[in-house]
Amino acid sequence: MRLHDKVALITGAGSGIGREAALLWAGEGAAIMVADVNDAAGQAVVEEITGAGGRAAYVRADVSKAADAEGMVRAAEEQFGKLNVLFNNAGIMHSDDDNAISTEESVWDLTMNINLKGVFLGCKYGIPALRRAGGGSIINVASFVALLGAATPQIAYTASKGGVLAMTRELAVIHARENIRVNALCPGPLRTELLMKFLNTEEKKQRRLVHIPIGRFGEAREIASAALFLASDESSYVTGATFTVDGGITAAYVTPE
Ligand code: NAD
């Protein structure tokens, strides 16, 4: 019960990392406000949690829209009385996101609006709620691509995640004396449907796997576990951190045979 009596709002909780975090954290005692744009997926997660005796509710929220971001925070407070943990997890990887020359402006704008502005809006409305609760923990999902360049480019995605990382550091410093901790999570490549659809040949998979010391893609559950530590009071002295969970990618020059 590492999140006993906590209320957590998770964006993009209908799938992948967000879904795994919702299920894991609910089992650790948190009430979960599930926010997503995919109503069926979000509601299914709520049913799974409540079916197992946990507390959860769904709110439709597009994180790139200010009114929706405000609404998801309000929903968490109305439903569960307060907000302790904000997991700004929702993000997209557009299939037409490529290098600077070929990437359309519309792809850049959409990616920035969801991945970067979405985190800003979550904080804009979430921080006042955390203050009302006497403090709390914010976890913003960046990526290992905020730390390393890749010759398999997704220029808008990479730039958006770099923005999340820089913004997180500053938020952490600004709010450090308000008992509000803000950390960035940098997952490595995961064996999620999203990425595996993108890496749809063995050759494409191997092009990445050779750079991962642990020798495999990560699991969404492994990221949810790392985020659980940041959400809980166990990480009470951790703020402004770049919390890398990447199978060793960012530590490696030459990987094992
Ligand atoms: P996913 O596609 O499995 O889940 C993302 C969820 O976000 C979906 O349920 C989707 O409906 C929702 N969503 C999309 N746009 C939204 C919006 N505008 N408002 C609210 N919800 C929205 O993705 P995932 O792999 O679990 O990724 C979660 C986060 O982790 C993202 O920020 C992603 O960039 C990051 N990340 C993923 C990987 C990876 O390899 N999968 C690696 C590093 C970082």
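Order of listing sets the numbers, starting from 1, for every ligand and every atom in it.
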Which protein heavy atom lies closest to [atom], and at what distance to 0.1 Å?
{"atom": "atom 16 (C) of ligand 1", "result": "Val37 CG2, 3.8 Å"}
{"atom": "atom 19 (N) of ligand 1", "result": "Val63 N, 3.1 Å"}
{"atom": "atom 9 (O) of ligand 1", "result": "Asp36 OD2, 2.7 Å"}
{"atom": "atom 15 (N) of ligand 1", "result": "Ile92 CG2, 3.8 Å"}
{"atom": "atom 33 (C) of ligand 1", "result": "Tyr157 OH, 3.5 Å"}
{"atom": "atom 3 (O) of ligand 1", "result": "Ser15 OG, 2.6 Å"}
{"atom": "atom 42 (C) of ligand 1", "result": "Gly188 O, 3.3 Å"}
{"atom": "atom 2 (O) of ligand 1", "result": "Leu194 CD1, 3.8 Å"}

Go through ligand 1 atom by atom and flag the ones less than 4.0 Å from a non-hydrogen atom of [X].
{"X": "Ala142", "result": "44 (C)"}
{"X": "Ala61", "result": "19 (N), 20 (C)"}
{"X": "Asp62", "result": "17 (C), 18 (N), 19 (N)"}
{"X": "Pro189", "result": "40 (O)"}
{"X": "Gly16", "result": "3 (O), 26 (O)"}
{"X": "Val141", "result": "29 (C), 30 (O), 32 (O), 35 (C)"}
{"X": "Gly91", "result": "31 (C), 32 (O)"}
{"X": "Ile114", "result": "18 (N)"}

Note to self: Check contact between Asn89 and ligand 1, using heavy atoms of the residue and a distance below 4.0 angstrom.
What the structure shows: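 True for this residue.
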Margin query: Quick one about Asn99 and Ser102 (side-chain donor to acceptor, distance below 3.5 Å, no hydrogens or angles considered), yes or no?
Written below: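 Note: Ser102 and Asn99 side chains meet the donor-acceptor criterion.
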Notebook entry, point to check: Given the rule in the salt bridge (Lys or Arg N to Asp or Glu O under 4.0 Å) test, do Asp233 and Arg2 qualify, once you have shown the distances and angles that lead to the verdict?
Noted result: CA-CA 8 Å; Asp233 294 337; Arg2 295 160 71 188; over 6 Å; no
Next item on the list: Using the rule that two of Ile, Leu, Val, Met, Phe, Trp, Tyr join whenever any of their side-chain heavy atoms come within less than 4.5 Å, decide whether Val7 and Leu24 are in one cluster.
Entry: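 They do not share one cluster, since no chain of ILVMFWY contacts under 4.5 Å joins Val7 to Leu24.
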Check: Testing Asn183, Asn89, Asn88 for side chain to side chain donor-acceptor pair (under 3.5 Å) with Asn140, which one passes?
Finding: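 Going through the options one by one, the only one that passes is Asn88.
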Notebook entry, point to check: Is any NZ, NE, NH1 or NH2 atom of the basic residue among Lys82 and Asp5 found under 4.0 Å from an Asp or Glu carboxylate oxygen of the other?
Noted result: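 Answer for the salt bridge query: yes.
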